[in-house]
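These notes are about the structure you will find just below.
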Amino acid sequence: MMKSLQILAFVALSNGVFAQVYYVPQTFSTPRGNITIQQPMRMPGSYGSYSGQVNPKFDFTVILKNDSVLTFKSRVESGDKKMYVMEKKKKVKRKIYPSETKEVYAYNANYGRLKGIAADSCWYFKAHSGAINSYTVLPTKDKDGAIAIHCARSVAGS
């Protein structure tokens, strides 16, 4: 009986180990100046009850700020508190960060083609459209992984 309680207690206490997050800085402009907050991001492997691959590879089309267009296959990766995609040509690897891009499109047979909106440290991919739009940092339509929301305003009489 005592051994069963010890195992139960160990399992209950160890569940918190899987809920790891890291923090990404995000800056907002306000009338009184810029405000930087730390946005919590969940680590891959802790995306709830998602039954598929957490961070699958996508076919990316990236339009850089100098209007160059790149196409390659990659996952969305993270390092130094920033998200990036990795372009590999032969043996040369290049990390492409949101600050370097105008537009990003990710395609996967499961999710279709999703446009990424560049932010300070990540791209936002729309997971749900409606009166309240939700966005994720991975190009999936996993509403449970939403890290940002936007409320659509309706203007009366227009």
Side-chain angles (χ1 to χ4, degrees), residues 10-11 13-30 33-152:
F10 176 74
V11 170
L13 293 173
S14 67
N15 280 341
V17 173
F18 297 109
Q20 296 180 8
V21 296
Y22 65 99
Y23 293 88
V24 176
Q26 188 172 15
T27 304
F28 295 96
S29 179
T30 69
N34 292 337
I35 297 173
T36 301
I37 64 167
Q38 299 294 322
Q39 178 72 36
M41 306 290 234
R42 291 186 283 177
M43 294 293 287
S46 63
Y47 285 93
S49 61
Y50 182 67
S51 60
Q53 187 177 3
V54 174
N55 188 7
K57 283 191 173 185
F58 289 84
D59 293 316
F60 280 95
T61 301
V62 177
I63 302 171
L64 299 175
K65 288 192 174 179
N66 66 4
D67 292 325
S68 300
V69 178
L70 307 172
T71 56
F72 53 90
K73 193 172 197 95
S74 177
R75 289 184 172 87
V76 176
E77 304 287 348
S78 66
D80 297 324
K81 298 183 180 182
K82 291 186 179 184
M83 307 297 270
Y84 63 88
V85 290
M86 181 77 72
E87 178 194 27
K88 296 177 187 174
K89 281 192 176 178
K90 298 181 184 177
K91 293 186 179 185
V92 178
K93 295 180 181 180
R94 176 183 176 193
K95 293 179 182 178
I96 300 171
Y97 294 95
S99 60
E100 301 173 44
T101 64
K102 276 186 181 178
E103 297 179 28
V104 172
Y105 295 92
Y107 175 81
N108 179 297
N110 293 332
Y111 304 106
R113 186 173 190 243
L114 298 170
K115 180 179 180 179
I117 301 167
D120 290 341
S121 56
C122 64
W123 292 277
Y124 292 128
F125 295 92
K126 191 177 282 188
H128 175 76
S129 297
I132 298 176
N133 299 317
S134 64
Y135 298 86
T136 65
V137 293
L138 297 177
T140 64
K141 294 191 178 189
D142 180 17
K143 292 182 272 188
D144 293 336
I147 61 147
I149 60 170
H150 175 262
C151 298

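Quick caveat: nothing in here was measured; it's all calculated off a predicted structure.
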[X] versus [Y]: any side-chain heavy-atom pair under 4.5 Å?
X: F58; Y: V104; value: no
X: T61; Y: V69; value: yes
X: P56; Y: N108; value: yes
X: V62; Y: E100; value: no
X: F60; Y: L70; value: no
X: V76; Y: P139; value: yes

Give me the atom names and distance for the closest heavy-atom approach of [X] to [Y].
X: P98; Y: A118; result: O-CB, 3.6 Å
X: M83; Y: S78; result: SD-CB, 3.6 Å
X: Y84; Y: G79; result: CE2-N, 3.7 Å

Would you check if the side chain of N66 reaches a backbone N or O of S68 as a donor-acceptor pair within less than 3.5 Å?
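Indeed, once roles are kept as given, a pair shorter than 3.5 Å links the two residues.
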Main-chain N/O of M86 paired with S74 side-chain donor or acceptor, under 3.5 Å
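Such a contact is found between S74 side chain and M86 backbone.
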Looking at I117, V85, V137, which one forms a side chain to side chain contact (heavy atoms under 4.5 Å, CB included) with W123?
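So the option named by the test is V85.
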Look up atom [atom1] in [X] and atom [atom2] in [Y], then write down how far apart they are to the nearest 0.5 Å.
X: Y97; Y: D120; atom1: OH; atom2: CG; result: 14.5 Å
X: R94; Y: K88; atom1: CZ; atom2: NZ; result: 15.0 Å
X: Y111; Y: T136; atom1: OH; atom2: OG1; result: 9.0 Å
X: K126; Y: K115; atom1: NZ; atom2: NZ; result: 10.0 Å
X: Y135; Y: I149; atom1: OH; atom2: CD1; result: 10.5 Å
X: R75; Y: K57; atom1: CZ; atom2: NZ; result: 5.5 Å

Got a sec: does the CG of N34 have more than 12 other heavy atoms crowding it under 6.0 Å?
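Count over threshold, so yes.
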